[in-house]
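Read the numbers this way: they start at 1 and go in the same order the structure lists the ligands and their atoms. In what follows, residues are counted from 1 in the order of the sequence shown.
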Amino acid sequence: MDTQNLVARLNSSGLLRSQCLIGGKWTEAYDGKTIPVHNPATGDVLVNVPCMGGQETNDAISVAYEAFLSWSKLTAAERSKRLRKWYDLLMANKEELGQIITLEQGKPLKEAIGEVNYGAAFIEFSAEEAKRIYGDIIPSPLADRRLLVLKQPVGVVGAITPWNFPLAMITRKVGPALACGCTVVIKPSELTPLTALAAAELALQAGIPPGAVNVVFGNAPEIGDALLASRQVRKITFTGSTAVGKKLMAGAAQTVKKVSLELGGNAPCIIFDDADLEVAVRGALGTKFRNSGQTCVCANRILVQEGIYEKFAIAFSQAVQSMQVGEGFTEGVVQGPLINEAAVQKVESFVKDAVSKGAKVLLGGKRHSLGMTFYEPTVIGDIKNEMLIARNEVFGPVAPLLRFKTEEEAIRIANDTDAGLAAYVFTENVQRMWRVSEALEYGLVGVNEGLVSTEVAPFGGVKESGLGREGSKYGMDEFLEMKYVCLGNMSSS
Ligand code: SIN
C-alpha cells in the first residue's frame, strides 16, 4: 500500500482533518504547536496535528456549554434524527474510516472496518434510545400531591478515549451523551486523533450543531486538568488505564462530577476438561488476539484444566501459528503491529520475567522479523499466577497458559486480581456454566464465546476495572440526572 497516495486520497475526500474542532471551527493550537501522528506499521509521519492545552480546552468547554443550552431543549425525536443521520454517514464512509484507523492504529483493514460497524452501531442504538428516556410517576402517600421523576441530561461531558479503538470508544460515549441532550468535549488519544476528527466532521455534516461535539488533544495532563477543574463539565467518561482512571476520579472530586470509568482488565479464560476443544480454541484465539492483544477484554490468562491441557496447548499453538502478521493493508493479514515501541518493550519484559521463572515458550516469544513494532504471536506454557504476565495486562499478542486441577481452584485463581472486567468460560456442562458465571467477580462473562462486545449489552467492570456501564439501555443513565418533582395542592375537590 502506498501510504502517501492513500493519505492524499483521504485528504481530498475531506475526511482526513488535521485541526481540532472547537465550536464547529477547525482550529490550530493557539501557540501554533503541533505533534506528529505516526503510522505504527512503518513509523512514517502521516500528518502533523495541533498540540492543544488548557486554554483551548476551556474555550471548547465554553462553547459546549452554550450548545448544551439549545441541544438539550430539542425534542428527543429531533436529536434522534440527527444521530441517525450521523450513523448513516459513518456507514457510508466506512471504507475511508477503516483506512484511517489502519493508518494510525495499525489494525488490519478488515478488523478496522469491523470497528467502524461496531462503533457506528452505538450511534444507531443511541438514536433509537433517545426516544425512550422515560421518567416515572410515583403513587403519592398524600392525596393532594403528585410525585414525578424526570430524567434530564447531566450537562457538558468530558470524554477521554484511548488509541486501541479510535472510533468505537468515542461513539460508545458520545452517542448516548448526545441522545440524552448532553454536549461533549472529546479528548482522543494523541496517538490516534485522525479517526476522532473524521467522525466529528461527519457529525457536523449530520446536523449535530457546532459546539455540541468538540475535539481537543495535545498536552494530555493540561487538557485533563482543565476538564476536571471546570464547573461547567458535569461528567467525565474515560476508557484507559486504571492508573489514569484513579487520577481522574480523584480530580473529579473537586467539583463532584459524575464519573464513568472503563479501565484495565486481567481477563481469565477458563478451559475445562469438558469443553468442546474446537470451540475453546476458536474462542480463546478470538479473545486473545483481537487487535493484536490490545483490548481491555483480551484474555490475559488462559487457565486450562489438566485433563485437556496438552491437547489444548497443541491445537491452540497450531491455530496461532497460522495467523499472518503484517501491515494492515496487506491481504490476509490478521495481526498488525503494536501501537509503539513502549508497548513492545512491555511485552518483552513480561515474557522475559515468565521464562526466567520457569515458563516455557511454545510458540513465538520474540520480535517479528518484520521489525518496527511487530511481535510474533506467542504462546507460553507453565505460567504461574504469581508471574508478572499473570498479574498485569500484557496488552500484546502473548497467550499465557496456566494449568489447574479443580473448578474451585480455577475460580480462586481467576478472582485473585484487583481487575474485574471480562472473563471467559469454556465448558459443555450447563450446571457449571451457571455456577462459574455466578462465581466470577467480573462485569462481563463469555460462556463458550470469546467475543461478547455489542452495543445492546452493558459493557463495564467491577473492582478496579471501573465504574458504570457503556452501551445498552443501562449506558444511557450515565448521562442523566434524576429529578424528583413534588406537585403540591393538587386535591381535585
Ligand atoms: C476496550 O478494549 O476497552 C474495548 C473493547 C471492546 O469494546 O470490546
key: Residue contacts for ligand 1, heavy atom to ligand atom, distance under 4.0 Å   = Y118, N164, F165, M169, R172, T239, E262, R290, T295, C296, V297, S453, F459
Face-on cation placement of K151 at Y134 ring, 6.0 Å and 45° thresholds = no
inquiry  = According to salt bridge (charged side-chain N to carboxylate O under 4.0 Å, His left out), who are the partners of E470, at least two apart in sequence or on a separate chain?
reply    = R172, K173
Candidate list I208, V213, T237, test side-chain contact (heavy atoms from CB on, under 4.5 Å), partner V174, passing option = V213
request  = Find out whether the Lys NZ or Arg CZ of K107 is both under 6.0 angstrom from the six-membered ring centre of F165 and within 45° of the ring's axis.
outcome  = yes
Option passing side-chain contact (heavy atoms from CB on, under 4.5 Å) with P162 (candidates Q294, M169, E262) = M169
remark   = Heavy-atom nearest pair, T183 first then L178, reads CA-CD2, 4.5 Å
